[in-house]
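Data first, discussion second: the structure below is written as structure tokens.
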Amino acid sequence: MFTKFMMIKKFFIYSILMILCMNISANSKENYFNEGVKLFKNKKYADSKFKFQQDIVFNPKSEISYLYLAKIFKEEKDDEREEQYLNTVILLNPLNEEALYLLTLLQIKKSDYEESNKLIHKFKKVCKKICNKESELKLKLKSIQTN
């Protein structure tokens, strides 16, 4: 009887510890992203990059972390890595307007008329929140045509 009670007590303590560990783990996952956003807003790009990468380790389909990484590389003027992360966002969510917008700007910067035009059409089809940016994209595309 005493050993049965001890086993139940150990199981109960073990269960509580597991629940606490799961809660701590879930909170730390959220904290990586939230800390990354705070650091990004304070223009601490190296530190925020690390936090977003930590978030991706726990949540590989975190399109918003990939988007922030793309924004960091945009600030650092690393077009290749920016494009890589924007393509990852679009792979995870083809309807992500901001990623399509940023990728279009990048293709215009590269003077890739055909790809820019395709992306503008795609952006037009999916836009819901930042549709006003379409005219800006068209103007920028037109400016590379005339140069």
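- For an aromatic pair to be called close, the ring centres must be under 6.0 Å apart, and Phe52 with Tyr32 fails this.
- In this structure, Asn42 contributes its side chain and Lys38 its backbone to a donor-acceptor pair below 3.5 Å.
- Across all non-hydrogen atoms, the minimal contact from Ser135 to Asn132 is OG-O, 3.2 Å.
- With hydrogens and angles left out, the side-chain atoms of Glu83 and Gln107 include a donor and acceptor closer than 3.5 Å.
- A salt bridge is absent between Glu97 and Lys129: the closest approach of a Lys/Arg side-chain nitrogen to an acidic carboxylate oxygen does not fall below 4.0 angstrom.
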Side chain to side chain contact (heavy atoms under 4.5 Å, CB included) between Glu136 and Lys133, worked out:
CA-CA 5 Å; Glu136 174 193 337; Lys133 300 281 188 181; 3.5 Å; yes
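- The two residues Phe123 and Ile130 have their closest heavy-atom pair at CZ-O, 3.3 Å.
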Start with the C-alpha gap between Glu134 and Lys138, add the side-chain angles, then the distance that decides, and say whether side chain to side chain contact (heavy atoms under 4.5 Å, CB included) holds.
CA-CA 6 Å; Glu134 181 190 353; Lys138 285 182 178 179; 3.0 Å; yes
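- A salt bridge links Lys71 with Glu98: the closest approach of a Lys/Arg side-chain nitrogen to an acidic carboxylate oxygen falls below 4.0 angstrom.
- Annotation: side chain of Leu139 is not in contact with side chain of Leu137 (no heavy-atom distance under 4.5 Å).
- Under the 4.0 Å criterion applied to side-chain N and carboxylate O atoms, Asp79 and Lys110 are not assigned as salt-bridge partners.
- Side-chain contact between Asp112 and Leu106: absent, with no pair of heavy atoms (C-beta onward) separated by less than 4.5 Å.
- Within the 4.5 Å cutoff, side-chain heavy atoms of Leu67 are placed close to those of Leu86.
- Rounding to the nearest 0.5 Å places CD of Glu115 at 7.0 Å from CG of Leu103.
- Looking at Tyr85 and Val89, their side chains never come closer than 4.5 Å, going by heavy atoms from C-beta outward.
- When side chains are defined from C-beta on, Ser65 counts as touching Phe33, because their heavy atoms get closer than 4.5 Å.
- Considering CD1 of Ile108 and OG of Ser143, their distance stands at 7.5 Å, rounded to 0.5 Å.
- Shown here for Ser48 and Ile72, the closest heavy-atom pair between the two residues is OG-CD1, 3.3 Å.
- Asp55 and Ser62 make their closest contact through OD2-OG, 3.0 Å (heavy atoms, listed as atom of the first residue, atom of the second, distance).
- A 4.5 Å side-chain heavy-atom check between Val57 and Gln53 finds every atom pair outside the cut-off.
- When all heavy atoms are compared, the tightest approach of Leu141 to Ser116 is CD1-CB, 3.5 Å.
- In this structure, Glu82 CD and Gln84 CD are separated by 11.5 Å, a value rounded to the nearest 0.5 Å.
- Side-chain contact between Lys122 and Ile90 is present, with at least one heavy-atom pair separated by less than 4.5 Å.
- Using a 4.5 Å heavy-atom cutoff, the side chains of Phe73 and Lys49 are in contact.
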Go through it in stages, so that I can follow the logic: the residues are Leu39 and Phe50, the test is side chain to side chain contact (heavy atoms under 4.5 Å, CB included), and I'd like the CA-CA distance, side-chain angles, deciding distance and then a yes or no.
CA-CA 10 Å; Leu39 291 165; Phe50 182 68; over 6 Å; no
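- Rounding to the nearest 0.5 Å places NZ of Lys61 at 13.5 Å from CD1 of Ile56.
- If you chain together hydrophobic residues whose side chains sit under 4.5 Å apart, Val126 and Leu91 never meet in one group.
- Atoms OH and NZ, from Tyr68 and Lys74 in turn, are 15.0 Å apart once rounded to the nearest 0.5 Å.
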